[in-house]
Amino acid sequence: MLLEVKNVSVSYDTALVLNGISIAVDEGELVSLVGPNGAGKSTLLRAITGLVRWEKSTLRGARGGDITVEGTVEFAGERIDTLPAHDIVKRGLVHCPERRRPFTEMTVTENLKAGGYLSRNRKEFRTSLDMVYTLFPVLKERGNQVSGKLSGGEQQMLALGRALMLQPRLLCIDEPSTGLASRLKQELFERIGEIKSSGIAMLLVEQDVSMAFQLATRNYVLSAGKVISEGTSEELLKDEGLRKTYLGL
């Protein structure tokens, strides 16, 4: 198994956000995390990629509260939950954050170059850049444009492109379709399908359950910080109560 998350719990002060969550992702899989708002999906991604622990060590005083993280995360057979976030990225576990977050004052090309900082040589960098431009030709067209001036859909493509420049083995994608029109959402998920076909494993948080289920190998349904169900899209859609109560279908 490429990623194994075991009994992960996260608390902010007395608020228990994640409660003993265990999930797994294998090589080449696209696994979705779905469920209602506030279920803890984004926090789980942040816990897996080391960002909650980074927040605990750097922002606790600013927040004025305490953060507690428990459980283990193993990636490619190695325990990583004690590692800093930048070391986790170097191992190929990459986080593509919610709401895009480009470096808004930098151009599209500069954003992608920033994503390619782990490339070992110019040839490796060029290979990654060519893959991004093949997936998202608009990024090549907009290369000299300041990224803060891009449309929402273009910014999401840039966020994915920048993450791909880090050469992930597993890409964690948080709410990629937020705020996108139906046509752009469809186009974006077609590109995510192409990324899956390239062999990159993905852990996807997405509010549009129907879109996520079309691509997912398996799914976990979260509610109130717990996994309440898991299975293939076909298996979960057969549960009428689950569909209505937690999936909004």
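- Formation of a donor-acceptor pair under 3.5 Å by the S32 side chain with backbone atoms of N219 is not found in this model.
- A donor-acceptor pair is defined here as one N or O able to donate and one able to accept, closer than 3.5 Å; such a pair exists between the side chain of S233 and the backbone of F213.
- The distance from atom CD1 of I200 to atom CE of M131, rounded to the nearest 0.5 Å, is 5.0 Å.
- Counting non-hydrogen atoms of neighbouring residues, nucleotides and ligands closer than 6.0 angstrom, the CD atom of E105 reaches no more than 12 such neighbours.
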Could you walk me through whether L3 and V31 pass the side-chain contact (heavy atoms from CB on, under 4.5 Å) check? CA-CA 11 Å; L3 174 72; V31 174; over 6 Å; no

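- Contact record, T49 with H95: OG1-ND1, 2.9 Å, taken as the closest heavy-atom pair.
- For S223 (side chain) and A39 (main-chain N/O), no donor-acceptor pair under 3.5 Å exists by modelled atom type.
- Annotation: the span from L112 atom CG to L158 atom CG amounts to 5.5 Å, rounded to 0.5 Å.
- Inter-residue side-chain proximity for E235 and E230 is flagged as unmet; no heavy-atom pair is nearer than 4.5 Å.
- Inter-residue side-chain proximity for T178 and Q156 is flagged as unmet; no heavy-atom pair is nearer than 4.5 Å.
- Annotation: side chain of I88 is not in contact with side chain of V73 (no heavy-atom distance under 4.5 Å).
- Just one residue in the list V10, V227, V5 forms a side-chain contact (heavy atoms from CB on, under 4.5 Å) with L18, and that residue is V10.
- Within the model, atoms CD1 of I21 and OG1 of T43 stand 9.0 Å from one another, a figure rounded to the nearest 0.5 Å.
- Using a cut-off of 4.0 Å between Lys/Arg side-chain N and Asp/Glu carboxylate O, K41 and E206 are scored as not salt-bridged.
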Please determine whether side-chain contact (heavy atoms from CB on, under 4.5 Å) holds for the pair L203 and Y220, giving the CA-CA distance in whole Å, both sets of side-chain angles, and the decisive distance to 0.1 Å. CA-CA 10 Å; L203 184 57; Y220 293 93; 5.6 Å; no

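- For CG of N144, the number of neighbouring non-hydrogen atoms (other residues, nucleotides, ligands) closer than 6.0 Å is 12 at most.
- Between R169 and A76, the closest heavy-atom pair is NH1-CB, 3.5 Å.
- Nearest approach of A201 to V25, heavy atoms of both residues: CB-CG1, 4.3 Å.
- Counting heavy atoms from C-beta on, the side chains of M211 and Q186 come closer than 4.5 Å.
- With a 4.5 Å cut-off on side-chain heavy atoms, Y117 and L166 count as touching.
- Note: the hydrophobic cluster containing L135 also contains M157 (ILVMFWY, side chain heavy atoms under 4.5 Å, direct or indirect links).
- Once rounded to the nearest 0.5 Å, the distance linking CZ of R218 with CD of E29 reads 4.0 Å.
- Across every non-hydrogen atom of G161 and V132, the tightest pair is O-CG2, 3.5 Å.
- Applying the salt bridge (Lys or Arg N to Asp or Glu O under 4.0 Å) criterion to E240, with sequence neighbours excluded, gives R243, K244.
- Remark: the backbone N or O of M106 is paired with a side-chain donor or acceptor of S147 at under 3.5 angstrom.
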Could you check L188 against L160 for side-chain contact (heavy atoms from CB on, under 4.5 Å), going step by step and ending with a plain yes or no? CA-CA 10 Å; L188 179 67; L160 282 170; 3.5 Å; yes

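- Crowding of Y246 atom OH: a count of heavy atoms from other residues, nucleotides or ligands under 6.0 Å not exceeding 12.
- Under the 4.5 Å side-chain criterion, counting only non-hydrogen atoms from C-beta, P176 is in contact with I192.
- Between the D66 side chain and the D13 main chain, no donor and acceptor come within less than 3.5 Å of each other.
- For A24 against M1, the heavy-atom pair with the smallest separation is CB-CG, 3.7 Å.
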Using the rule given for side-chain contact (heavy atoms from CB on, under 4.5 Å), can you reason through R91 versus L93, listing the C-alpha separation, both sets of side-chain angles and the distance that settles it, and then say yes or no? CA-CA 6 Å; R91 284 160 173 77; L93 178 50; 5.7 Å; no

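- Checking side-chain atoms of R191 against main-chain N and O of F136 turns up no donor-acceptor pair under 3.5 Å.
- By the 4.5 Å heavy-atom criterion applied to side chains, D26 and T217 are not counted as neighbours.
- Rounding to the nearest 0.5 Å gives a distance of 4.5 Å between CG of L2 and CD of E27.
- When the side chains of ILVMFWY residues are joined at heavy-atom separations under 4.5 Å, either directly or via intervening members, L16 and L33 end up in two distinct hydrophobic clusters.
- Neither I48 nor L51 shares a network with the other; the hydrophobic side chains, linked directly or stepwise wherever heavy atoms of I, L, V, M, F, W or Y lie under 4.5 Å apart, form separate groups for each.
- Distance CG/L171 to OG/S198: 9.5 Å, rounded to 0.5 Å.
- Closest approach of N7 and S22 over heavy atoms only: N-OG, 2.9 Å.
- Annotation: side chain of N111 is not in contact with side chain of L139 (no heavy-atom distance under 4.5 Å).
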Evaluate D208 against S210 for side-chain hydrogen bond (donor to acceptor under 3.5 Å, both in side chains), listing each step before the verdict. CA-CA 6 Å; D208 190 327; S210 61; 2.8 Å; yes

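- Between E110 and K113, none of the side-chain N atoms (NZ, or NE/NH1/NH2) sits under 4.0 Å from a carboxylate O, so this pair counts as no salt bridge.
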